[in-house]
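Structure first, then comments.
Residue numbers start from 1 in every chain, and the chains themselves are labelled A, B, ... in the order their sequence lines are given, proteins ahead of strands. As the structure is a prediction and not an experimental result, all values here were calculated from the model.
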Amino acid sequence: MAWVIDLLSWVLLSVGGIFILIGGVGVVRLPEFYTRMHAASLTDSMGTILILIGIMLQAGASLATIKLIAILVFMLLTGPTATYALANAALMSGMKPNKLALAEDSASAGKED
Amino acid sequence: MIASHWPALQVALPLLVAPMVMLLRGATLPWLAALVTSFMAFAIAISMASTVLEGEVIVYAVGSWPAPVGIELRIDELSALLLLIVTGASSTTLLAARNSLTAELEPERHMLFYAAWLLALSGMLGILVAGDAFNIFVFMEIASLASYVLISAGSDRRALPSVFKYLIMGTIGATFYLIGVGLIYMMTGTLNLADMESRLAEVEELKPIMVAAGFITVGLALKAALFPLHAWLPNCYTYAPHIATAFLAACSTKIALYVLLRFDFVVFQGNLIGHDVQFSGFLMPLALIAILVASGVALFETNLKRLLAYSSIAQLGYIWLGASFVSKAGLTASVVHMFNHALAKGTLFIAVACLGLRFASLTLQDLKGAARFMPWTMAAFVLAGMSLVGVPGTAGFISKWYLISAALEQGYQGVVVIAVILISSLMAVAYLWRVVEAAYFGEALTSSSSTTAEKMSEAPPLMLAVVWVAALANVYFGLDSTVPLALSEQAATALMEHLR
Amino acid sequence: MEWLGLYNYWVFAVVLMMGFYTVIAKGNLIKKLLGLSIFQSAVFLLYITMDKVDGGTAPIIQEGVSDQIFSNPLPQVLILTAIVVGISTTALGLAIVVRIKETYDSIEEHEIQAKDNHR
Amino acid sequence: MIVLFGVFLLTLLVITAIAIIRTPDLFVAVMLTGIFSLLMASIFFILDAADVALTEAAVGAGISTVLFLSALALTEQKERSIRPGRWLAVPVVVAGALIVYATFDKPRLGDPDAPVHQHVAPWYLEKTPELIDIPNVVTAILGSFRGYDTLGEVFVVLTAAIGVMLLLGTRHRKAASPVQPASSSDGLRHHLIPRVLGRLLIPFIVLFGLYVQFHGEYGPGGGFQAGALVAAAVILYALLEGEGPALTVVPLSAITAMMAGGAVLYVLVGLAGIVLGGNFLDYSVLQIDPVAGQHLGILLIELGVGVTVCGCMLSIFHAFAARDNR
């Protein structure tokens, strides 16, 4: 039985890692601010959730798991809020999500870093 | 009973009062609190100095934890003398501070200034009583940050870039010191200075230790404004509030110098082969150049405070020079000059603070005819100036005399050194004469200052009394210098004992 | 693997040099302060590197476990203090920069100097 | 494995540092400094320094970033002069070369025979359970064995706060604020989601701060981190609701009293040692049982540290924020 949990936790950890990798690639490759932020929020939500659950399975029923659950709850609360606040701030400062920017090649968008 | 706790109380007392001062209101109460505290610290320093003069080194274990584990406070002759200098200078300048500061800073910020003053004081005292390398760093930072605060209170806008530069250079210096301490700790496993000395003797691989010696020397030289690392000093002294300049000029650079002497002689001299030769080979040329160049710059300087600041760099050169002989006579001269220079430069800057009350601009041009309005202030200035030059009968003469006799021991090199000392003394006469000439023989400018000329009068009685007490102290210690000399000689002997 | 044991020290040296260079070579006052904090962080790394013991854990003694190896707690204490000192210096430096900006309307070193010389 | 991880983080650290130095955009540089600190904290954690990692994360990535950002808001965001003084690299290279030279005699990372691990360190680890009897040896050294250093640390923070108050003068603020009530003094009132969520989080942050404060003897943490956390909660409130409401919750007079009170408490605990017949900062005499006395002493001084640090952080933040309104 133990190996099932172990396997499950490793699967979760790996998938989480892949999500973070994809998010990272997305931040670099996507053409414009809002789409990039979408990619970045992916690492925040999917990546961390899966990894935290994976670690929880490793830790078993202990104090560490309770702490991890607390971390997970706070991540779930703050991550989307931060993304929202960032998008909102961008919108307020006059940055419009437009198709023109999307059509531009990613090379010119890459300079904005 | 309580006397055994003096080392801790010396630092704890100003530390305790400083946050309380912050809560006081108005211009008078914070000043009074700071003044009383400073005088109490002075009394403690005198009491400890008398103990140390009897040949006893005071050792105090903070928290009752014994030395290498806990932090040890250690007051020997050198620290006792510097404690006297710092508390004495602080008390004297604080007496004059109220009148001077009211003209420069709005009253609702006075309590912050005095709180910072007390923190600077306790930081310096903390360095002087510490026997632990890391503890020195912590209190060095208190003293430095508080000094930045004091300087930044200056009314001229140029105080800000100056103090920023000081902050950057001071932090680099402190961080270098921290690197050095880290390297030594890495090789010895201890932070206590005395313990470091004994444990270093067993260390075989000395590369990190030599690098540590380099970092500590450069870092502290930066803090002590040794030429060519003095760039921060002139502007800071020029644009700080006058009274803060008087306090800092008398104390702050000497503290860094003290740490260097302590560290170098206690930890390195006995353990690194050939370190004494490197030490003097590195410092002596720099000291000589500092003396000549800084005096030369002072000759052409037009702002009185900046002129005195450059003179400070030159005078610090004498202190370094004495130390660079690595001999008992040289160290005695060096240490006694710390005392005498603090006395002379403190007096000069208090006199400048008096002038600053009546003159908006302190360029020599604007000070023309100052002696006519303020004869007493200028007379005290001249007296202190004579001490700075080293006229017989003043305190400055004693240290010059010891310095020259120490140079004579050096043989061939000594001749060059003596020549430099004599030339720079003449230069000091020349640059001080320019001030005297402007103040006594210059015609007051008719255009702008004539309207204010009617309001021109002597400085307030309290400040005048302070400046004269300080000036007469210059004469007193010129005639009877038993106490500083005895402490200096004992301190030099104690330092030289660490050489193998 | 001998060199791997020294890798921490080399990174310390490199980061230290970069911070030091930023402090003395850059003209922007905020950049200087950023460099200063990098410079100080490098020293923290030096101290913390030396506290590590092979197979050690954080120096928190647990009941019932006897044969644990602990890393050296003393450098950690020193660096806790040093971090606080660093942030205090930064705060004060930033306050000075804000005042400089208000009085000189610039945070570039050479512009400030030029404005003073001009006067 | 862990070594590989360390090497990876260290290399990333160097890359981040290069990016900080090279970018002309100060905003980007400040953000990267936050990342730099976070990396540094991870490295500290790998090197078994849990307390230091916690502090570096709270200070470097938290407080320092906030301070830099508030300074940027008051100054400029772009670095204009790019004057690489190339000859200035000489002392830098000399310093670096010296350090690399020194490394060749340095003990290897993790070497248990290194002199650092021989002299006083084993003593601390051995004697702490007996003399002070708290699990976290770092707290024991910080609070008691080297409590005098910590006293100095508190006063360094206090000095910086006094300096910021003197320079930026928090007291004139009220006269200036009604002129421009618009932008930042309003906080994020019109943003519903962050506001609701922020208000939800603030009690938890304060709770966590108190946990770190009083749990410091058993796990990583202590007064400094706790003070920073509680201050962060109040700062978050100020960001959400605006300066005014934050100042009604914790008024300036209370902040000043906190700054002074904590520091005075620390010194008074030290002096109590003298009064009760021990040395300065000797907690053993505070109670009949020396170990209980140590517990009480460490608790009190950690409280002093926490209160002062919280007060200082808040006063520094308000000093910067008040400038914004001018």
Report, one line per pair, each donor and acceptor closer than 3.5 Å where one atom sits in a side chain of residues 121-129 of chain B; sequence neighbours left out.
residue, atom, partner, partner atom, Å
B:S122, OG, B:L118, O, 2.9
B:S122, OG, B:L119, O, 3.1

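- Neither the backbone nor the side chain of D:I141 comes within less than 4.5 Å of any heavy atom of chain B.
- Of the atoms belonging to B:V17, not a single heavy atom falls under 4.5 Å from chain D.
- With a 4.5 angstrom heavy-atom cutoff, B:F137 does not touch chain D via any of its atoms.
- For the atom pair NE2 of D:H117 and CE of B:M186, the computed distance is 9.0 Å after rounding to the nearest 0.5 Å.
- When D:S144, D:A114, D:G262, D:G261 are compared by the number of non-hydrogen pairs under 4.5 Å with chain B, D:S144 comes out ahead.
- D:V120 approaches B:G189 most closely through the heavy-atom pair CG2-O, 3.5 Å.
- A pairwise comparison of heavy atoms in B:V138 and D:D149 identifies CG1-O, 3.8 Å as the closest pair.
- For chain D, the option among B:Y185, B:Y60, B:F113 with the highest count of heavy-atom pairs below 4.5 Å is B:Y60.
- Residue-level contacts of residues 278-292 of chain D with chain B, in order of numbering, are D:G278, D:N279, D:F280, D:L281, D:D282; threshold 4.5 Å between heavy atoms.
- A 4.5 Å side-chain heavy-atom check between B:D195 and D:H119 finds at least one atom pair inside the cut-off.
- The shortest non-hydrogen separation linking B:P19 to D:A260 is O-CB, 3.5 Å.
- Checked against the 6.0 Å centroid threshold, B:F139 and D:Y148 count as a close aromatic pair.
- To the nearest 0.5 Å, atom OG1 of residue D:T256 and atom CG of residue B:L112 are 9.0 Å apart.
- One finds the CZ atom of D:R146 at 5.0 Å from the CG atom of B:L191 (value rounded to the nearest 0.5 Å).
- Of the listed residues (D:P115, D:A121, D:G297), the greatest number of heavy-atom pairs within a distance under 4.5 Å of chain B belongs to D:P115.
- Only the side chain of B:L73 comes within contact range of chain D, with heavy atoms under 4.5 Å apart.
- Residues passing the ring-ring contact (aromatic ring centres under 6.0 Å, His included) test with D:F145, sequence neighbours excluded: B:W65, D:W123, D:Y124.
- Contact count versus chain D (heavy atoms, under 4.5 Å) is highest, among B:A12, B:A61, B:G70, B:S64, for B:S64.
- Most heavy-atom pairs under 4.5 Å with chain D: of the set B:V218, B:D132, B:L183, B:I179, this distinction falls to B:D132.
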Can you list, pair by pair, the side-chain donor-acceptor contacts under 3.5 Å of residues 152-169 of chain D, counting residues two or more places apart and other chains?
residue, atom, partner, partner atom, Å
D:E153, OE1, C:T81, OG1, 3.2
D:T159, OG1, D:F155, O, 2.5

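- Considering only heavy-atom pairs separated by less than 4.5 Å from chain D, the leading option among B:L145, B:V69, B:V211 is B:V69.
- Contacts of B:L23 with chain D are made by side-chain atoms alone, with heavy-atom separations under 4.5 Å and no backbone atom involved.
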